[in-house]
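Reading through the structure tokens given below for one structure.
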Amino acid sequence: AKQDGRNIHRFFETAMDAQIQQRREMELDLRTAFAAEQFHLHYQPLYGLGQGQVECFEALIRWQHPERGNIPPGDFIPVAEETGLISAIGSWVLKQACREASSWPSDVRVAVNISPVQFRTRTLVLDVLAALGTSGLPASRLEIEITEGVLLQDTEATLTILEELRSLGVRIVMDDFGTGYSSLSYLQKFRFDKVKIDRAFVQNIHEGEDKRAVVRAVTSLCASLGIQTTAEGVETAAQLEALRREGCSQVQGFFIGRPMQAADVLQLLDSCDRP
Ligand code: C2E
Ligand code: CA
Ligand code: CA
Ligand code: CA
């Protein structure tokens, strides 16, 4: 039995070593990826139910690894955050998204995801100013998406940064709403322009009254506060219809459009009915 225990112990040690090794490798790869221009952005449309047109595209980072192929952001963003590389990556994302969006029609916005770590380093406002300045994109066409992780840390400093961005004319969006512990209290702390209702609440919305309750409560609360709402992860026509009935401002998801290459954005906008 003692021998078994030792083997099990060794097994876990080896597994842990492998995990640490993998993270180290990814960190090294991330550093070279940046220099080798292996990152690019995909864009997913946000469709406005009021006007019946695409109003915005969310920029989603993609990493094309030379050996491992496409590595999803969920796998490498946490490593980038732990190593501090997210600052450089995040400022590149802002620049690239603003640059690409500057060639879109003037009524179409771009949304950029911002990591909580980018708030800690205090360079976010400068990064945003630089991205807007070099691209010529008006601030009113930039949305930044933050999760409640941002408001969990050093709230006063964070609120100051958010107010600064807001005073530039940038729109501030609360992402993944409803998944955290105290989402509702954040609506009082900061006046968001838009709230994105997490996919978890959208998934079975068409199944019945009780499944609809959260979306209904959030959309009516936001409407009374003058905050727009986007439903995330819309995959079926039934979900879309239910969300329309609940009065959501925007929808986003595979049913509307998958994340696409920058080159396909203009093509999609051209093929849509635009006034
Ligand atoms: P997110 O901000 O919540 O982005 C939405 C994610 O849901 C995207 O995954 C998108 O491809 C996926 N999605 C969209 N519609 C549907 C749908 O109908 N069904 C399903 N099942 N999924 C859908 P992606 O691109 O893998 O990104 C994952 C997360 O990585 C993002 O979640 C965001 O937190 C983070 N991320 C992506 N790009 C960036 C970035 O440039 N900077 C930072 N800091 N984080 C990023
Ligand atoms: Ca997002
Ligand atoms: Ca989200
Ligand atoms: Ca998410």
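Side-chain atoms are counted along with the backbone in the values below, which use heavy atoms only and exclude waters and symmetry mates.
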Task: H65 and D29: CA distance, side-chain angles, deciding distance, side chain to side chain donor-acceptor pair (under 3.5 Å) verdict - done: CA-CA 8 Å; H65 191 283; D29 284 355; 2.8 Å; yes

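- Taking all atoms of both residues into account, the shortest heavy-atom contact from I71 to F76 is O-CE2, 3.3 Å.
- A salt bridge does not link R199 with D176: none of the charged nitrogens is closer than 4.0 Å to a carboxylate oxygen.
- One N or O on the side chain of R191 and one on the backbone of L225 form a donor-acceptor pair closer than 3.5 Å.
- Under the rule for a salt bridge (charged side-chain N to carboxylate O under 4.0 Å, His left out), R99 has no partner lying at least two apart in sequence or in another chain.
- Between V128 and L142, some side-chain heavy-atom pair lies under the 4.5 Å cut-off.
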Review item, side-chain donor-acceptor pairs of residues 80-87, under 3.5 Å, at least two apart:
| unit_1 | atom_1 | unit_2 | atom_2 | d |
| --- | --- | --- | --- | --- |
| E81 | OE2 | S115 | OG | 2.7 |
| E82 | OE1 | R23 | NE | 3.4 |
| E82 | OE1 | R23 | NH2 | 3.2 |
| E82 | OE2 | R23 | NH2 | 2.7 |
| T83 | OG1 | V79 | O | 2.8 |
| T83 | OG1 | A80 | O | 3.3 |

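- For the pair I197/T219, a side-chain contact is recorded, criterion being any heavy-atom separation below 4.5 Å from C-beta on.
- A donor-acceptor contact shorter than 3.5 Å is absent between the side chain of R171 and the backbone of R141.
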Task: Verdict with reasoning, F190 to M174, per side chain to side chain contact (heavy atoms under 4.5 Å, CB included) - done: CA-CA 10 Å; F190 187 77; M174 162 117 286; over 6 Å; no

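- V202 has its side chain within reach of V234: a pair of non-hydrogen atoms, C-beta onward, lies under 4.5 Å apart.
- When the options L162, T155, I161 are evaluated for a side-chain contact (heavy atoms from CB on, under 4.5 Å) with T158, the one that passes is L162.
- Among all heavy-atom pairs drawn from A131 and C98, the shortest one is O-CB, 3.7 Å.
- For the residue pair V112 and A97, the shortest heavy atom distance occurs at CG2-CB, 3.6 Å.
- Contact annotation: the side chain of Y186 never approaches that of F177 to less than 4.5 Å [non-hydrogen atoms, C-beta and beyond].
- Using a 4.5 Å cut-off on side-chain heavy atoms (C-beta onward), R62 and P259 make contact.
- Comment: E241 engages R244 in a salt bridge, judged by a side-chain N to carboxylate O separation of less than 4.0 angstrom.
- The two residues T229 and C248 make their nearest non-hydrogen contact at OG1-CA, 3.6 Å.
- Residue E143 holds its CD atom at 12.0 Å from CD1 of I114, rounded to the nearest 0.5 Å.
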- [ ] Step by step, work out the side chain to side chain contact (heavy atoms under 4.5 Å, CB included) result for V195 and T230.
- [x] CA-CA 6 Å; V195 156; T230 305; over 6 Å; no

Open item on the list: Working note: I77 + I61, criterion side chain to side chain contact (heavy atoms under 4.5 Å, CB included); need CA distance, chi angles, decisive distance, verdict.
Closed with: CA-CA 9 Å; I77 291 286; I61 195 167; 4.2 Å; yes

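- A heavy-atom distance below 4.5 Å is not found between the side chains of F201 and V218.
- At least one side-chain heavy atom of L165 sits under 4.5 Å from a side-chain heavy atom of L124.
- Between N113 atom CG and L94 atom CG the span is 10.0 Å, to the nearest 0.5 Å.
- Interatomic distance, F254 CZ to E235 CD, rounded to the nearest 0.5 Å: 6.0 Å.
- I144 pairs in a side-chain contact (heavy atoms from CB on, under 4.5 Å) with only one of the listed residues (I172, D193, V150), which is I172.
- Note: the hydrophobic cluster containing V265 does not contain L60 (ILVMFWY, side chain heavy atoms under 4.5 Å, direct or indirect links).
- Atom CD in Q250 sits 5.0 Å away from atom CD in E55 (nearest 0.5 Å).
- Y47 and V54 make their closest contact through CD1-N, 3.9 Å (heavy atoms, listed as atom of the first residue, atom of the second, distance).
- A donor-acceptor contact shorter than 3.5 Å is absent between the side chain of S91 and the backbone of D127.
- Salt-bridge formation is detected for the pair K196/E58: a Lys NZ or Arg NE/NH1/NH2 atom is positioned less than 4.0 Å from an Asp or Glu carboxylate oxygen.
- Between the side chain of Q239 and the backbone N or O of Q203 there is at least one donor-acceptor pair closer than 3.5 Å.
- Annotation: the span from R245 atom CZ to R216 atom CZ amounts to 9.0 Å, rounded to 0.5 Å.
- Side-chain contact between L266 and P105 is present, with heavy atoms from C-beta onward closer than 4.5 Å.
- H206 contributes atom NE2, which lies 10.0 Å from atom NZ of K211 (distance to the nearest 0.5 angstrom).
- With hydrophobic clusters built from ILVMFWY side chains whose heavy atoms lie under 4.5 angstrom apart, V125 shares a cluster with I89.
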Task: Trace of the side chain to side chain contact (heavy atoms under 4.5 Å, CB included) decision for I256 with L240 - done: CA-CA 9 Å; I256 317 298; L240 175 62; 4.3 Å; yes

Name every donor-acceptor pair, under 3.5 Å, that has one atom in a side chain of residues 38-46 and the other anywhere in the protein, sequence neighbours excluded.
| unit_1 | atom_1 | unit_2 | atom_2 | d |
| --- | --- | --- | --- | --- |
| Q38 | OE1 | W63 | NE1 | 3.0 |
| Y43 | OH | E100 | OE1 | 2.5 |
| Q44 | OE1 | Q252 | NE2 | 3.0 |
| Q44 | NE2 | G257 | O | 3.0 |

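- Using a 4.5 Å cut-off between side-chain heavy atoms of Ile, Leu, Val, Met, Phe, Trp and Tyr, with links allowed through other members, V93 and V173 fall into different hydrophobic clusters.
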